[in-house]
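Structure record follows, encoded as structure tokens.
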Amino acid sequence: MPTKNHGRMAQDMKRELIAIIGEMKDPRITGGLLTVTRLDVTPDLDQAKVYISVMGREGGPAPVVKALNKASGHVRTEVSRRMHIRKAPRFVFVSDEGAAYAAHINKLLGELAVAEDDDAE
């Protein structure tokens with residue numbers, strides 16, 4: 001059962017994750033727009049699934065997700081240190097395709113509107 005404190009801790013953890021990822025100097029992570037869209041933490045703080053969105057990057061989100069999963073131990077240590085918690089969850093980074101899907105739908109709707117304007121003339 002999620003509590004108010006659990007939700008607040010998840011939001012604080014998400015904020016720290018954004019800061020930590022922003023400070024990383026790994027060339028596989030830099031470049032493009034990387035966004036942490038959602039963070040799901042288990043109630044026992046054993047595991048956290050971090051959804052990230054990557055836009056405007058060659059090769060898509062796969063190399064970024066792989067690099068972040070490889071650096072998850074460092075991220076876990078930093079979150080524990082910055083938040084002053086004894087046990088930080090194991091972070092699993094996954095790609096969130098929601099933003100890319102929304103951009104694709106907007107593009108299709110724009111093309112549809114242009115086609116309708118051409119048919120009306």
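Note: hydrogens, waters and symmetry copies are ignored here, and every other heavy atom, side chains too, is used. Since this is a predicted model, take the numbers as computed values, not measurements.
- Under the 4.5 Å side-chain criterion, counting only non-hydrogen atoms from C-beta, Val65 is in contact with Ser95.
- A donor-acceptor pair under 3.5 Å is formed between the side chain of Ser80 and the backbone N or O of Ile85.
- Here the side chains of Leu39 and Gln11 are not in contact, with every heavy-atom distance at 4.5 Å or above.
- Proximity of Ile20 to Arg82: side-chain heavy atoms (C-beta onward) are separated by under 4.5 Å at one or more points.
- Shown here for Thr42 and Asp46, the closest heavy-atom pair between the two residues is OG1-N, 3.1 Å.
- Counting all heavy atoms, side chain and backbone alike, Ile29 lies closest to Met24 at CD1-CE, 3.7 Å.
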**OP:** Starting from the C-alpha separation in whole Å, work towards a yes-or-no answer on side chain to side chain contact (heavy atoms under 4.5 Å, CB included) for Leu17 and Phe91.
**Re:** CA-CA 10 Å; Leu17 274 170; Phe91 292 103; 3.8 Å; yes

**OP:** Give the intermediate values and the outcome of side chain to side chain contact (heavy atoms under 4.5 Å, CB included) for residues Val64 and Leu34.
**Re:** CA-CA 9 Å; Val64 177; Leu34 188 142; 3.2 Å; yes

Original post:
Going through the checks in order, is the side chain to side chain contact (heavy atoms under 4.5 Å, CB included) test met by Phe93 and Ile21?
Top reply: CA-CA 12 Å; Phe93 293 92; Ile21 292 171; 4.0 Å; yes

**OP:** Report the C-alpha separation of Thr77 and Val79 in whole Å, then their side-chain angles, then the decisive distance to 0.1 Å, and conclude whether the side chain to side chain contact (heavy atoms under 4.5 Å, CB included) test is met.
**Re:** CA-CA 6 Å; Thr77 302; Val79 166; over 6 Å; no

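- For the 3.5 Å distance criterion, the side chains of Asp96 and Ser53 fail to qualify, holding no donor opposite an acceptor.
- Counting only residues at least two apart or on different chains, the salt bridge (charged side-chain N to carboxylate O under 4.0 Å, His left out) pairs with a member in residues 31-40 are Arg38-Asp40.
- Linking Ile, Leu, Val, Met, Phe, Trp and Tyr whenever their side-chain heavy atoms come within less than 4.5 Å puts Val36 and Val75 in one cluster.
- A donor-acceptor contact shorter than 3.5 Å is absent between the side chain of Arg28 and the backbone of Pro63.
- Side-chain contact between Met13 and Glu16: absent, with no pair of heavy atoms (C-beta onward) separated by less than 4.5 Å.
- Within the structure, the side chain to side chain donor-acceptor pair (under 3.5 Å) test picks out no pair touching residues 61-74 (sequence neighbours left out).
- By the neighbour-count criterion of 12 heavy atoms within 6.0 Å, atom NZ of Lys107 is sparsely surrounded, having that number or fewer from other residues, nucleotides or ligands.
- Contact of the Val50 side chain with the Lys14 side chain is not registered, since no non-hydrogen atoms from C-beta on lie closer than 4.5 Å.
- Residue Lys49 qualifies as open at atom NZ: its count of foreign heavy atoms under 6.0 Å is 12 or below.
- No side-chain heavy atom of Tyr51 sits under 4.5 Å from any side-chain heavy atom of Val92.
- Side-chain contact between Met83 and Asp12 is present, with at least one heavy-atom pair separated by less than 4.5 Å.
- Between Ile52 and Thr35, every side-chain heavy-atom pair lies at or beyond the 4.5 Å cut-off.
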